[in-house]
Amino acid sequence: MNFVKNKKDPVPQEIKESKKLSIRFVRSLFIGFSLFLMVSGPIAFYKSMHSQQQINQAQTILTREIKKQLAQSQPTTPIDSGLSQQFLTQFLRTYITLPRDQKAFEERGKQLQEQYTSFDWMEEKNTGLERTLLSSELYQISVIDGQQVGTYRIHYDLISPVVKERIVKKMDNGKEVTTKEKYTDFVSQKKQILVNIPFQALPNNTFTITAYPYFSVEPKLTGTKELATPRDWSTYTPVSAKQEKKLHTFTQTFLQKYVSASLEDMAYLMKEPETLTGDYQVEHIQSKGYTKDKQLLIVISFSLFDKEASSSHKEDMTLYVKERDNTFYIEKLTHFQGGTIK
């Protein structure tokens, strides 16, 4: 009994302070979490807005690229509509007709620029030549390298001034003297040729000329040429100055042969030989070399002077070339630039 009486009750442990620490910790944790939400909320909102802007930009770029591809994916089959023929016929009449009068000549250039063309029209100087369209007929409307081209067979009368000499008799101090004097005569020639007119259809059934017309000899209808994918000039890189000099020298040689050599001779320079028959002289040659993915090309602008008619006109070309035997070989030729190169 004494053992029971002397046994002490266990002393209760102190837990009050521990409870206070736990409540304080939970409260601090709650406040910290609240602060985190207050700070992270705006950050998350900003990131969300930034991501949305990036998505919108990506969508804009994608839409622009799709529109660009659609614009380049012009019809790849010949187009033969009455409206396009009507437009081309009106343009052809204005273009082929060359008045001798300077005021009428300037008015013609102004009309070509304002009514028909979508590029800066640069006409040669008035040399006193008079050209009249006698008749024209549509040869074909085709698509070459993504570019619509209307081709017409035309007959025209060309009246050009020619300086001649004649013998005249005059009286000098009562004596008859024979002398030579120069005078200007006008020679008329009837000609037939194909005129190729690059053009583009616009909305609302309207049209525009996109490059200078060019002349060509009527070919034999023995086959067709494969159409190439339209090029994007912005992706091409100008060649080095050294390469540019070599390309320009080759361009001069090629153009001289283009107006004088035979198809057999041109086969050494071109995959698909091409020449322009007639008595022509090439003038004012300008060329620029570009490269892309190992593809080398030369963009050319030049004037063709017709010696028989004493007239000239401007043409453009693009040559796709590759180096061979310390010179260049033309794999493909087109008669327009396909865009403005600056």
Side-chain angles (χ1 to χ4, degrees), residues 92 95-98 100 105 108-109 112 121-134 136 139 144 149 151-164 185-198 209 211-220 247-288 298-319 321 328 330 332-337:
L92 183 66
Y95 172 69
I96 293 298
T97 302
L98 276 177
R100 191 180 305 165
F105 184 86
R108 167 185 174 272
L112 289 171
W121 182 270
M122 296 181 64
E123 184 57 74
E124 299 294 335
K125 293 182 179 180
N126 185 1
T127 58
L129 183 73
E130 186 174 353
R131 187 170 61 193
T132 305
L133 181 64
L134 301 177
S136 65
Y139 182 81
I144 305 174
V149 179
T151 302
Y152 280 77
R153 181 190 293 112
I154 68 169
H155 295 79
Y156 62 95
D157 184 23
L158 197 62
I159 302 176
S160 53
V162 178
V163 177
K164 297 181 179 181
D185 193 10
F186 292 89
V187 178
S188 176
Q189 302 176 70
K190 301 292 190 298
K191 291 198 171 189
Q192 174 181 324
I193 201 168
L194 291 183
V195 178
N196 307 274
I197 310 171
I209 304 301
Y212 288 104
Y214 59 93
F215 293 176
S216 63
V217 178
E218 186 169 342
K220 295 181 180 179
L247 289 174
H248 186 69
T249 301
F250 171 77
T251 298
Q252 291 177 315
T253 301
F254 161 72
L255 289 177
Q256 295 302 328
K257 291 182 177 294
Y258 173 70
V259 298
S260 61
S262 64
L263 287 175
E264 290 76 13
D265 291 336
M266 296 301 288
Y268 292 99
L269 293 177
M270 307 177 68
K271 185 177 181 180
E272 298 181 6
E274 183 176 337
T275 61
L276 182 62
T277 58
D279 193 4
Y280 289 97
Q281 179 179 336
V282 183
E283 300 177 333
H284 311 301
I285 302 173
Q286 294 181 335
S287 65
K288 184 69 177 177
I298 315 170
V299 179
I300 311 170
S301 178
F302 60 96
S303 295
L304 277 178
F305 179 75
D306 188 338
K307 296 180 181 179
E308 294 181 357
S310 299
S311 65
S312 64
H313 65 274
K314 186 174 181 179
E315 293 191 9
D316 295 329
M317 276 188 185
T318 299
L319 306 180
V321 302
F328 299 95
I330 301 172
K332 182 180 178 182
L333 179 152
T334 60
H335 287 277
F336 42 83
Q337 297 184 2

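FYI, the numbering just counts along the sequence from 1. Since this is a predicted model, take the numbers as computed values, not measurements.
In this structure, S311 OG and L304 CG are separated by 10.0 Å, a value rounded to the nearest 0.5 Å. Distance check: L263 CG to T275 OG1 gives 4.5 Å after rounding to the nearest 0.5 Å. Note that the OG1 atom of T251 and the OH atom of Y258 stand 14.0 Å from one another [nearest 0.5 Å]. Distance OG/S312 to CG/D306: 9.5 Å, rounded to 0.5 Å. Atoms CG and OG, from L194 and S136 in turn, are 12.0 Å apart once rounded to the nearest 0.5 Å. One distance of note links CG of D157 with CD of E130; it measures 8.0 Å at 0.5 Å rounding.
Using a 4.5 Å cut-off on side-chain heavy atoms (C-beta onward), H284 and K314 make no contact. Contact annotation: the side chain of D265 never approaches that of K257 to less than 4.5 Å [non-hydrogen atoms, C-beta and beyond]. Residues L333 and E272 form no side-chain contact, since every pair of their non-hydrogen atoms from C-beta on lies 4.5 Å or further apart. No side-chain heavy atom of I209 sits under 4.5 Å from any side-chain heavy atom of W121. Residues M317 and L255 are in side-chain contact: their nearest non-hydrogen atoms beyond the backbone lie under 4.5 Å apart. Counting heavy atoms from C-beta on, the side chains of T318 and K332 never come closer than 4.5 Å. A 4.5 Å side-chain heavy-atom check between I298 and F250 finds at least one atom pair inside the cut-off. Contact check for F215 versus V195: side-chain heavy atoms found under the 4.5 Å cut-off.
L98 pairs in a side chain to side chain contact (heavy atoms under 4.5 Å, CB included) with only one of the listed residues (L133, T127, L129, T132), which is L129.
Residues meeting the side chain to side chain donor-acceptor pair (under 3.5 Å) test with H313, sequence neighbours left out: E315. The ring-ring contact (aromatic ring centres under 6.0 Å, His included) test applied to F105 returns no partner, not counting sequence neighbours. Listed by chain and residue number, nothing satisfies the ring-ring contact (aromatic ring centres under 6.0 Å, His included) test with F302 (two or more places apart in sequence, or in another chain).
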Could you check R100 against I159 for side chain to side chain contact (heavy atoms under 4.5 Å, CB included), going step by step and ending with a plain yes or no?
CA-CA 9 Å; R100 191 180 305 165; I159 302 176; 3.6 Å; yes
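Counting only distance, with no hydrogens or angles, the side chain of R131 and the backbone of Y156 share no donor-acceptor pair below 3.5 Å. Under the 3.5 Å distance criterion, the side-chain polar atoms of Y214 are left unmatched by any main-chain donor or acceptor of P198. Looking only at distances, no side-chain donor or acceptor of E308 sits under 3.5 Å from a matching main-chain atom of Q189.
Annotation for Q252 and I285: closest pair CG-CD1, 4.1 Å, computed over non-hydrogen atoms.
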